[in-house]
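As structure tokens, the structure follows; a few thoughts come after it.
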Amino acid sequence: MSGRLLRLVCTAAVAAGTVLAPLPAAAVPEPPAPGERSVSELLTDLQRLYQEAEEATETYNATAEKLKEQRAEVRRLDGQLARARLSLHDSRGAAGRLARQQYQNSTDISPYVRLLLARDPQHALDQGHVIGQLARERAETVGRLTGSEKKADGLARKARAALDRQLTLSVRQKKDRDAVRKKLDDVEELLASLTEEQLGAVTELERTDVEAAQEELVTSGALGQGEGEPTRAADRAVRYAVQQLGKPYEWGAEGPEAYDCSGLTSEAWGHAGRPIPRTSQEQWAQLPRIPLSELRPGDLVVYFPKATHVAMYLGGGQVVQAPRTGEKVKVSPLASHPILGAVRPDKGQDRDAR
């Protein structure tokens, strides 16, 4: 981590009450009584429930993003349809005026006979030219009317289909929201069933597991020998993320008062002028991937096999993340969760954007 970023992280962490140093070890818990689950089993269950809740949250976020895009599409088609209907109204008005003129000027005498009977044949020829021009204008007006009708009909069908998709997404979003709430209820139910001693033991075991995973990652050499300097955009993204330390995690939140994991990373990079996908799964799917050995501040680290969690790399083996329900945005070891990989939102701007 660069000196500037390190000072920024430390200052913000102290202000937010974030503890960067390891927590003191808790007392070793008593062995579980017969029939009771061990601390390891409780931690496994709790982590599974947290992961399921986060997976449901990212599914909800993806549906919410599609619904937002679909609403914009409905508004766009409604605007086009309104303009097409106005054009159709004008075309019908023009066609009506031509029809009235044609009726008022109708005669059973053909233009050829009128030419033969005319006192001034040249004048009759000139008049015939004007009549021909009017006929062409009538044909063009009818053509515009036909085209306007077809366009309005086509846009009306598209608008109805877009609205149907919006309604379908609205129903799906409600189901996704209910799924998140159910998973969070499961988490709360498990936490409520734990004694204070069990909760402390689970917390301590999780901390030691993370420490062990972090040590294994560092000693493996997977992080490489050094870190590159961030681009200006990455530096701005990191600064934004660090400024959110201490704010609560809230599923589906994109700030500024609360965040979920991908809400924090997407807002940070959006603030830096580089919009990225909203969800961790889309960030993993769409952004350029990089090996862990090339990590630098601002890169995104994606976790779990289904890419259901994401954090922003700060440097020095640390990330800033919005962890989970009940916690706050904080600085954590890189190996806080099983790592899937890393992506770089500003890849390709290594040299010219610092």
Side-chain angles (χ1 to χ4, degrees), residues 1-2 5 51 54-69 72 217 222-224 227-244 249 251-255 259-324 329 331-354:
M1 187 186 312
S2 68
L5 286 176
Q51 187 179 347
E54 193 147 41
E55 183 177 343
T57 296
E58 290 301 284
T59 299
Y60 169 85
N61 289 338
T63 301
E65 194 68 11
K66 290 177 182 177
L67 181 57
K68 184 190 303 183
E69 294 171 358
L217 177 65
L223 296 182
E227 295 172 355
E229 287 293 318
T231 62
R232 283 195 294 266
D235 185 76
R236 288 193 295 269
V238 168
R239 288 176 177 273
Y240 181 92
V242 169
Q243 288 167 0
Q244 312 314 309
Y249 175 99
W251 66 273
E254 301 175 71
Y259 297 88
D260 63 18
C261 68
S262 57
L264 177 64
T265 54
S266 61
E267 285 297 304
W269 272 101
H271 181 80
R274 173 65 170 90
I276 63 174
R278 168 64 176 90
T279 69
S280 60
Q281 292 167 328
E282 287 303 304
Q283 289 170 12
W284 173 247
Q286 296 186 31
L287 298 178
R289 298 179 186 179
I290 58 168
L292 295 182
S293 60
E294 296 180 9
L295 276 174
R296 71 185 187 198
D299 292 339
L300 304 183
V301 183
V302 183
Y303 298 92
F304 299 110
K306 295 183 180 181
T308 51
H309 186 71
V310 64
M312 180 177 291
Y313 190 61
L314 294 178
Q318 303 289 309
V319 296
V320 58
Q321 63 168 331
R324 61 195 183 197
V329 177
V331 175
S332 307
L334 175 61
S336 294
H337 312 285
I339 298 174
L340 177 61
V343 295
R344 177 168 295 165
D346 60 345
K347 187 173 175 62
Q349 302 179 5
D350 299 324
R351 294 288 181 265
D352 58 355
R354 288 185 183 148

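- In this structure, Glu267 has no salt bridge (Lys or Arg N to Asp or Glu O under 4.0 Å) partners at least two apart in sequence or on a different chain.
- With sequence neighbours excluded, no residue forms a salt bridge (Lys or Arg N to Asp or Glu O under 4.0 Å) with Arg274.
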Between Glu229 and Asp235, does a side-chain contact (heavy atoms from CB on, under 4.5 Å) hold up when you go through it step by step? CA-CA 9 Å; Glu229 287 293 318; Asp235 185 76; over 6 Å; no
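- With hydrogens and angles left out, the side-chain atoms of Ser266 and Glu254 include no donor and acceptor closer than 3.5 Å.
- Residue pairs meeting the ring-ring contact (aromatic ring centres under 6.0 Å, His included) criterion with at least one member in residues 266-285, sequence neighbours excluded: Tyr240-His271.
- Side-chain contact between Leu295 and Leu334 is present, with at least one heavy-atom pair separated by less than 4.5 Å.
- For the pair Pro345 and Ile276, the tightest heavy-atom approach, listed with the atom from each and the gap, is CB-CG2, 3.8 Å.
- Residues forming a salt bridge (Lys or Arg N to Asp or Glu O under 4.0 Å) with Lys66 (at least two apart in sequence, or on another chain): none.
- By the salt bridge (Lys or Arg N to Asp or Glu O under 4.0 Å) test, Arg236 pairs with no residue at all, sequence neighbours left out.
- Rounded to the nearest 0.5 angstrom, Asn61 CG and Gln281 CD are separated by 9.5 Å.
- Applying the side-chain hydrogen bond (donor to acceptor under 3.5 Å, both in side chains) rule to His337 yields the partners Gln321; only residues at least two apart in sequence or on another chain are considered.
- A donor and an acceptor atom, one from each side chain of Gln283 and Ser262, are nowhere located under 3.5 Å apart.
- In this structure, a donor-acceptor pair under 3.5 Å is present between the side chains of Glu58 and Ser280.
- The distance from the CG atom of Asp346 to the CG atom of Leu287 is 10.0 Å, given to the nearest 0.5 Å.
- Using a cutoff of 4.0 Å between basic side-chain nitrogens and carboxylate oxygens, Arg278 and Asp260 are scored as salt-bridged.
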